[in-house]
Amino acid sequence: TYGSITDIDGNTYKTVTIGTQTWMAENLKVTKYNDGAAIPNVTDATAWSELTTGALCDYENTPSNSETYGKLYNWYAVNTGKLCPTGWHVPSDAEWTTLENYLIANGYNYDGTTTEDKIAKAMASSSGWESYSEAGTVGNNDYPEKQNESGFTALPGGGRGSSGTFDFVGNFGSWWSATELRTYSAWYRVMNYSYGSVSRDDVSKELGFSVRCLRD
């Protein structure tokens with residue numbers, strides 16, 4: 001059962017409640033902060049690589065990609081605290097872990113493991129992912145009935161590297177957390193179409209990733 005939320009640009013997103021949390025079930029594509037200030041759309045690769053302030057882009061600088069996969073944002077935009085609609089926020093690293101733990105504890109890890117390795121299938125959209133033999137699957141094709149069972153509808157929006165190049169749309173979904181690890185890096189989550197897993201790592205803040213918002 002999906003709800004909805006509308007951002008400052010008038011984009012409406014599906015929302016889904018998973019455990020005690022309510023998440024956007026689509027990737028963010030807003031072009032303004034929630035105070036009305038425009039987020040710079042940086043297309044030039046060199047300019048992107050040198051940023052220390054908030055910015056967004058479309059994958060391959062092609063706006064139609066954002067209709068499906070949402071915009072890509074650097075962490076400096078996340079760190080403003082103004083990226084999500086009022087009443088929503090970019091989830092912290094701990095809030096991502098809360099989601100993962102809920103899915104594990106409630107049987108969404110399709111092979112019964114007690115780690116986050118197998119919850120990706122239950123989080124991933126049933127379309128938009130490349131696959132070895134069946135469109136729209138993450139990992140192997142066992143348990144197709146588990147695909148997006150949670151309703152999270154994770155999409156593989158790819159990313160933009162620190163040099164400003166684009167990669168992996170259809171293969172990887174990467175989402176920022178709001179949690180800084182070091183002066184140059186922050187935590188994020190990534191899903192890979194060839195593995196049924198959700199991975200946690202830290203990366204440089206200038207990278208461009210997708211964003212999901214979580215209700216306050």
(message) Going by the rule side chain to side chain contact (heavy atoms under 4.5 Å, CB included), which residues pair with Ser204 if we only count those two or more places apart in sequence or in a different chain?
(response) Glu206, Leu207
(message) If hydrophobic clusters are built by linking Ile, Leu, Val, Met, Phe, Trp and Tyr wherever their side-chain heavy atoms come under 4.5 Å apart, do Phe209 and Leu28 end up in the same one?
(response) yes
(message) Is there a path of hydrophobic side-chain contacts, each under 4.5 Å between heavy atoms of I/L/V/M/F/W/Y residues, joining Val203 to Val90?
(response) yes
(message) Could you report the tightest heavy-atom contact between His89 and Glu95, atom names first, then the distance?
(response) NE2-OE1, 3.0 Å
(request) Please name the pair of heavy atoms, one in Tyr59 and one in Gly157, separated by the smallest distance, quoted to 0.1 Å. (result) CD1-O, 3.6 Å
(message) I need the full list of disulfide (SG to SG under 2.5 Å) pairs touching residues 29-91, with sequence neighbours left out, sorted by first then second residue.
(response) Cys84-Cys213
(request) Report the C-alpha distance between Tyr102 and Tyr108 in whole Å, list the side-chain angles of each, state the deciding distance to 0.1 Å, and finish with yes or no for side-chain contact (heavy atoms from CB on, under 4.5 Å). (result) CA-CA 9 Å; Tyr102 175 85; Tyr108 289 92; 4.2 Å; yes
(message) Any non-hydrogen side-chain atom of Glu180 less than 4.5 Å from a side-chain atom of Asn79?
(response) no
(request) May I ask you to test the Tyr73-Val30 pair for a side-chain heavy-atom distance under 4.5 Å? (result) yes
(message) So, using ring-ring contact (aromatic ring centres under 6.0 Å, His included) as the criterion, who are the partners of Phe168 when residues are at least two apart?
(response) Phe172
(message) Show me the pairs that pass side chain to side chain donor-acceptor pair (under 3.5 Å) and involve residues 33-54, at least two apart or across chains.
(response) Asp35-Lys82
(message) Regarding Glu100 and Arg189, does a basic nitrogen lie under 4.0 Å from an acidic carboxylate oxygen?
(response) yes
(request) Would you indicate whether the side-chain heavy atoms of Pro40 and Leu56 approach each other to under 4.5 Å? (result) no
(message) Using 0.5 Å steps for rounding, measure from the CG atom of Asn106 to the OG atom of Ser150.
(response) 11.5 Å
(message) Under a 3.5 Å distance rule, please check whether Asn101 uses its side chain to pair with a backbone N or O of Ile104 as donor and acceptor.
(response) no
(message) Taking Glu149 first and then Lys121, would you say they form a salt bridge - that is, a charged N and a carboxylate O separated by under 4.0 Å?
(response) no
(message) Nearest 0.5 Å, please: how far is CH2 in Trp88 from CG in Leu214?
(response) 7.5 Å
(message) Can you confirm whether the side chains of Ser126 and Asn148 place a donor and an acceptor under 3.5 Å from each other?
(response) no
(request) Step by step, work out the side-chain contact (heavy atoms from CB on, under 4.5 Å) result for Asn65 and Val169. (result) CA-CA 9 Å; Asn65 285 326; Val169 73; 5.7 Å; no
(message) Between Thr15 and Arg215, does the side-chain contact (heavy atoms from CB on, under 4.5 Å) criterion hold? Intermediate values first, please.
(response) CA-CA 9 Å; Thr15 65; Arg215 191 168 65 188; over 6 Å; no
(message) Does anything in residues 154-187 form a disulfide (SG to SG under 2.5 Å)? List the pairs, not counting sequence neighbours.
(response) none
(request) Please go through Trp187's hydrophobic cluster and name the other residues, only I, L, V, M, F, W, Y counting, with side-chain heavy atoms under 4.5 Å joining them. (result) Leu181
(request) Could you tell me the separation between the CH2 atom of Trp75 and the CG atom of Leu83, rounded to the nearest 0.5 Å? (result) 12.0 Å
(request) For residues Lys32 and Asp9, report the shortest heavy-atom separation together with the two atoms involved. (result) NZ-OD1, 2.8 Å
(request) With the side chain counted from C-beta on, respond yes when Ile39 and Thr31 share a heavy-atom pair under 4.5 Å apart, and no when they do not. (result) no
(request) Indicate the atoms forming the closest heavy-atom contact of Leu51 with Ala55, along with that distance. (result) CD1-CB, 3.5 Å
(message) Whether the side chain of Tyr69 engages the backbone of Gly128 through a donor-acceptor N/O pair (distance < 3.5 Å, no angle test) should be reported.
(response) yes
(message) Whether the Asp93 and Ser177 side chains hold a donor-acceptor pair (N or O, under 3.5 Å, no angle test) is what I'd like checked.
(response) no
(request) Look at the aromatic rings of Trp23 and Trp96 and report parallel, tilted or perpendicular, splitting at 30° and 60°. (result) tilted
(request) With rounding to the nearest 0.5 Å, note down the distance linking CG in Asn11 to CD in Glu67. (result) 7.5 Å
(message) For Arg212 and Asn27: C-alpha separation, side-chain torsions, deciding distance, then whether side-chain contact (heavy atoms from CB on, under 4.5 Å) applies.
(response) CA-CA 5 Å; Arg212 289 294 177 100; Asn27 292 341; 2.7 Å; yes
(request) Please test Arg160 against Ser174 for side chain to side chain donor-acceptor pair (under 3.5 Å), starting from the C-alpha separation and ending with a verdict. (result) CA-CA 10 Å; Arg160 191 172 195 179; Ser174 300; over 6 Å; no
(request) Scan side-chain atoms only and decide if Ser125 and Thr153 contain a donor-acceptor pair under the 3.5 Å cut-off. (result) no
(message) Give me the atom names and distance for the closest heavy-atom approach of Leu155 to Trp129.
(response) C-CZ2, 4.1 Å
(request) Would you confirm whether Tyr13, through its side chain, and Asp7, through its main-chain N or O, come within 3.5 Å as a donor-acceptor pair? (result) no
(message) Nearest 0.5 angstrom please: Ile8 CD1 to Thr86 OG1, how far?
(response) 7.5 Å
(message) Is there a path of hydrophobic side-chain contacts, each under 4.5 Å between heavy atoms, that joins Tyr188 and Met123?
(response) no
(message) Please say yes or no: joined through hydrophobic side-chain contacts below 4.5 Å, possibly via intermediate residues, are Val42 and Leu72 part of one cluster?
(response) no
(message) Using every non-hydrogen atom in the two residues, find where Asn171 and Pro156 come nearest and quote the distance to one decimal.
(response) N-CB, 3.9 Å
(request) Output yes when a side-chain donor or acceptor of Thr80 lies under 3.5 Å from a complementary backbone atom of Tyr76, and no otherwise. (result) no
(message) Let me check something: do Val190 and Trp176 share a hydrophobic cluster, defined by ILVMFWY side-chain heavy atoms less than 4.5 Å apart, either directly or through other members?
(response) yes
(message) I need the Leu99 CG to Thr20 OG1 distance, nearest 0.5 Å.
(response) 9.5 Å
